[in-house]
Amino acid sequence: MGLVTSWLHRCAVIAAAFTLLAILSGAWVTSTRAIVPPPSTPVSIHLTTASIAAGLVILLGIWLLVGKVRALGWMLLAAAIAEGGLGSSTAVISQAVLAHILFALTLVAVFRTSKAWADGPEFVVDQGWPSLRSMGVATPVLVMAQVVLGAAYRHKAMGLTWHIVGAMVVALTVLIVGMCTMQAYPKHRALRFAAVLLLSVVLAQVMLGIATITTEMLAPDNVVPVAVILSTMGHVAVGSLTLASSLVLAIQIRRNVQKAVEEPEEGETAVGA
């Protein structure tokens, strides 16, 4: 990895870290809204971290454009501008969802500028049905839908039922794609690492989800215990990691797993034979 690339990688790591801090502080603000009078500290911290994160993401996006990673650079800039525009509006659900997308993109930038990416792909052939390539694409889409449901629940736009149903669908999907990846390519370092990472993050997310619901149910009326705040912050942060890790696995699958070559049926003659 060259000197310029290594500094770009460090910039991506710092941008991802501050974006995650902004998400954590945003969850802190959301979880303390029931407190009267509302504390000013979470809001101040959130505004500060969000401003720093926005600046770093814009810098990262421009640097990626200069470094000819144009698609990712444009996506980062578009997401950062959209997030900044929504920050002063009342579209809190869209703002929360965009924050998750922004973090996922910064983590992809960390991955895209890493030495592991520079080492190049290790090609393998897709196996079984449905294809791993198809499942890789479907997984982040389902996680994204669950992120929307979670944001809607946190901001009281819908009840808990759909969020729980979505969690079960995502957990089952991740279990299937993760186990299929590890079983089909147990010695493929990139695929195995991405699959283990996603499975571990989702397991932690399920446990945090149970903890969050339990602490909310046990909390007295009009009181927000520290346990509720901490579990909510952890659940929201790991939700961002879930989306990011599902996207990383999808990229690794698309990069390393080639489509299976269809064999001609019996009796068919190869073209040109």
Side-chain angles (χ1 to χ4, degrees), residues 1-23 49-87 91 94-124 126 131-145 147-148 188-191 193-194 197-198 240-259:
M1 186 186 297
L3 181 61
V4 174
T5 306
S6 63
W7 277 107
L8 176 57
H9 179 68
R10 292 187 183 101
C11 178
V13 171
I14 296 171
F18 271 95
T19 305
L20 186 59
L21 284 175
I23 291 171
T49 55
S51 299
I52 296 172
L56 288 168
V57 169
I58 291 173
L59 172 62
L60 176 61
I62 294 172
W63 201 338
L64 288 169
L65 289 177
V66 174
K68 298 183 179 180
V69 190
R70 293 190 177 92
L72 183 56
W74 283 120
M75 284 189 287
L76 278 166
L77 289 174
I81 293 169
E83 176 74 357
L86 288 172
S94 298
Q95 184 187 5
V97 172
L98 266 173
H100 288 285
I101 295 173
L102 200 56
F103 174 70
L105 291 175
T106 58
L107 205 64
V108 169
V110 171
F111 165 66
R112 177 64 178 79
T113 57
S114 66
K115 184 179 181 299
W117 181 275
D119 289 341
E122 179 185 343
F123 293 117
V124 290
D126 207 344
S131 70
L132 192 60
R133 288 168 62 89
S134 299
M135 289 191 288
V137 171
T139 302
V141 173
L142 291 174
V143 175
M144 186 70 248
V147 166
V148 174
H188 196 294
R189 289 185 299 174
L191 291 173
F193 173 79
L197 175 64
L198 180 57
S240 288
L241 286 169
T242 303
L243 178 61
S245 56
S246 69
L247 197 54
V248 168
L249 177 59
I251 292 171
Q252 286 285 31
I253 290 174
R254 300 293 292 185
R255 189 182 193 216
N256 292 278
V257 181
Q258 296 180 316
K259 293 181 179 180

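Everything quoted here is computed from the prediction, not taken from an experiment.
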Problem set entry | Residue pair Ile62, Leu76: steps toward the side-chain contact (heavy atoms from CB on, under 4.5 Å) verdict | CA-CA 9 Å; Ile62 294 172; Leu76 278 166; over 6 Å; no

Exercise. For the side chain of Asp126 and the backbone of Arg133, is there at least one donor-acceptor N/O pair under 3.5 Å apart?
Worked result: yes

For this session: Rounded to the nearest 0.5 Å, what's the gap from CG on Leu247 to OG1 on Thr139? Could you check?
Result: 11.0 Å

Exercise. How many angstroms lie between CD1 in Ile251 and CG in Leu72, if you round to the nearest 0.5 Å?
Worked result: 8.0 Å

Exercise. Does the side chain of Val124 come within less than 4.5 Å of Leu191's, by heavy atoms?
Worked result: yes

Problem set entry | Worked check of side-chain contact (heavy atoms from CB on, under 4.5 Å) between Leu8 and Val69 | CA-CA 11 Å; Leu8 176 57; Val69 190; 5.6 Å; no

Can you list, pair by pair, the side-chain donor-acceptor contacts under 3.5 Å of residues 96-111, counting residues two or more places apart and other chains?
from	atom 1	to	atom 2	distance (Å)
His100	ND1	Ser240	OG	2.4
Thr106	OG1	Leu102	O	3.4
Thr106	OG1	Phe103	O	2.6

Exercise. Would a distance-only check, ignoring hydrogens and angles, find a side-chain to backbone donor-acceptor pair under 3.5 Å from Arg254 to Gly136?
Worked result: no

For this session: With Ser246 as reference, evaluate Val143, Val141, Leu142, Leu241 under the side-chain contact (heavy atoms from CB on, under 4.5 Å) test and give the passing residue.
Result: Val143

For this session: Apply side-chain contact (heavy atoms from CB on, under 4.5 Å) to Val147 and Thr242, showing your working.
Result: CA-CA 9 Å; Val147 166; Thr242 303; over 6 Å; no

For this session: Would you name the heavy atoms of Gly73 and Leu64 that are closest together and state the gap between them?
Result: CA-CB, 3.9 Å

For this session: Could you grab the distance from atom CD of Gln252 to atom CH2 of Trp117, nearest 0.5 Å is fine?
Result: 7.5 Å

Exercise. How close do Asn256 and Glu122 get, heavy atom to heavy atom, and via which atoms?
Worked result: OD1-N, 2.7 Å

Seminar exercise, completed: Nearest heavy-atom approach of Ala22 to Thr49 is CA-OG1, 3.5 Å

For this session: Measure the CG-CG distance between Leu59 and Leu77 for me, rounded to the nearest 0.5 Å.
Result: 10.0 Å

Exercise. How far does CZ of Phe18 sit from CG of Leu56, to the nearest 0.5 angstrom?
Worked result: 6.5 Å

Exercise. If you measure from CG on Asp119 to NZ on Lys115, what distance do you get to the nearest 0.5 Å?
Worked result: 4.0 Å

